[in-house]
Protein chains: 2
Amino acid sequence: MGAAAEQAAEEREEWGGVTPDAARRLVSAAVEAFAERGYHATTTRDIAGRAGMSPAALYIHYKTKEELLYRISGIGHEKALRIMGAAAEAEGSAGERLRDAVRTFARWHAEHHTTARVIQYELQALSPEHYTEIADLRRRTDRLLRQIIQDGADSGEFRADDVPGTTLAVLSLCVDVARWFSSDGPRTPDEVGALYADLVLRMVGAPAGGPGGAATGKSG
Amino acid sequence: MGAAAEQAAEEREEWGGVTPDAARRLVSAAVEAFAERGYHATTTRDIAGRAGMSPAALYIHYKTKEELLYRISGIGHEKALRIMGAAAEAEGSAGERLRDAVRTFARWHAEHHTTARVIQYELQALSPEHYTEIADLRRRTDRLLRQIIQDGADSGEFRADDVPGTTLAVLSLCVDVARWFSSDGPRTPDEVGALYADLVLRMVGAPAGGPGGAATGKSG
DNA sequence: ACCGGGCCTAAGCGCTTGCTCAGCGGCGCG
DNA sequence: CGCGCCGCTGAGCAAGCGCTTAGGCCCGGT
């Protein structure tokens, strides 16, 4: 399989729910362009061009440029919420769940850093109604993580004086991966996830992290 | 002193180096607008309007809209570099210097979150030449922080297996304050600085932090 | 064979954008 | 008082924007 076909396969997985094919190609092109230049600096002509169509074709599948952003933001935030939910609902100690949450959440922000960049840094370009809807997904993600940290604090497993503040910091740390991560950089998404999980567990005073813990892994 | 006069006084301090007065008012208006809507969504008419001038007046003081961003970015990054430099060159253990660095750096990103937002999230709108210049300031800031963490790791005061990775995480954490901080929120800039200093010291395995350390301050 | 509808394009409309330019008011200086 | 000049404005230009419209191709059903 060639590189182009491979990328197309990846896109089909990430945007699998979007049909028909032309609509999916447009979403994919828009994510690329928005991540690269920002929403406002991206023209509908650019998006259509990347998708191999004329500018007018965009409006057959989406009413406005903002609707494209909304679709991307919705799918991305739902994916992020599902990732956090899977970690939160898993069995295990608070430490194990927190490790899993940070590892998978940070890794997703690295692996899908173009999508993540768009959904995290272009929120203000959404219409007020769409923003309200997306904000709800974000609150739910925050609540899931906060509950994990609260559980650890309640049981004495974590040392977290300010649970909302710690939650905010952990979420902020993971989200900001989308800003600095580059596929050309020295770190793989897996490595970022592992590093961040270790750092966060230490932040809450649970350095050993139970089974699978490797906070001081490489060299001690 | 009224609220308006107070705000004007603050601006004069932050942008004190910018003269004449009209040029400073334009910088101030541009920071506000860029932070609120983003660089590309801000029009020169909006900037001039906020500064109480006609659109044409902008071009007497700045050649282009991008030059305005460049000036803001330069002044902001130099301030950030000075803050990090002051902490790095201070006397004291690595733990003390790291605490000071994170506390002041995070606090600045909270207190001046509009400026910080512009300099951290609008880099891609700079011309390539201007970006290169700003990137150098960013590298120097990064190097200062990395040296503190390296010192602590070398002396055994910190437990940091991946010094560049830890540096990146700490910087990312502080920078991202600019994205979520709001003056209407429940936290003051001082509180954010204190919280973040505690979290970061634990991240590097130095929870007590020496004199002045209050990692588990509020309730233990 | 023929029609109907889904998908697409070429052309372009109305508007806003970053930026320019000729000219004007008022302050300092002689 | 009169002159020059600095800071500014009103009007507007070329270009590019988001989006629309009229029409054409192609494929499935009858």
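Quick note on labels: first sequence line is chain A, next is B, and so on, each numbered from 1. Remember, predicted model here, so these are calculated numbers, not experimental data.
Tyr39(A) has its OH atom 14 Å from the P atom of dC17(D), to the nearest Å. When rounded to the nearest whole Å, the span between CD1 of Ile47(A) and P of dG16(D) equals 18 Å. Remark: P of dC15(C) and NZ of Lys65(A) are 19 Å apart, rounded to the nearest angstrom. For the pair Leu68(A) CG and dG18(D) P, the interatomic distance rounds to 12 Å; values are reported in whole Å. For Leu58(B) and dC19(C), the CG to C1' distance is 10 Å, given to the nearest whole Å. Atoms CZ (Arg25(A)) and C1' (dC8(C)) sit 11 Å apart, rounded to a whole Å. Atoms CZ (Arg24(A)) and C1' (dC7(C)) sit 16 Å apart, rounded to a whole Å. Rounded to whole angstrom, the span from the OH atom of Tyr62(A) across to the P atom of dC19(D) amounts to 14 Å.
Of the candidate nucleotides dG10(D), dT20(D), dC17(D), dC17(D) has the atom nearest to the side chain of Thr43(A). The nucleotide whose nearest atom lies closest to any side-chain atom of Arg45(B) is, among dC8(D), dC19(D), dG12(D), dG12(D). Closest contact between the side chain of Ala22(B) and the listed nucleotides dC8(D), dC7(C), dG18(C) involves dC8(D). Distance from the side chain of Ala57(B) is smallest to dC8(D) among dC8(C), dT17(C), dC8(D).
In this structure, a donor-acceptor pair under 3.5 Å is absent between the side chains of Tyr131(B) and Asp136(B).
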Salt bridge (charged side-chain N to carboxylate O under 4.0 Å, His left out) for Asp151(B) and Arg97(B)? Distances and angles first, verdict last. CA-CA 10 Å; Asp151(B) 288 351; Arg97(B) 282 180 290 145; 3.3 Å; yes
Determine, stepwise, if the pair Asp142(B) / Arg139(B) fulfils salt bridge (charged side-chain N to carboxylate O under 4.0 Å, His left out). CA-CA 5 Å; Asp142(B) 180 276; Arg139(B) 261 191 303 274; over 6 Å; no
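Using a 4.0 Å heavy-atom criterion, one finds that Ser54(A) contacts the bases of the nucleic acid, with or without backbone contacts as well.
The two residues Val177(A) and Ala106(A) have their closest heavy-atom pair at CG1-O, 4.0 Å.
One finds a side-chain N or O of Tyr59(B) lying less than 4.0 angstrom from the OP1 or OP2 phosphate oxygen of dC19(C). For the pair Thr44(B) and dG18(C), the criterion of a side-chain N or O lying under 4.0 Å from OP1 or OP2 is met. Distances shorter than 4.0 Å separate some side-chain N or O of His61(A) from OP1 or OP2 on dC8(C).
Classification of Asp198(A) and Arg202(A) as a salt-bridged pair fails, no side-chain N sitting under 4.0 Å from a carboxylate O.
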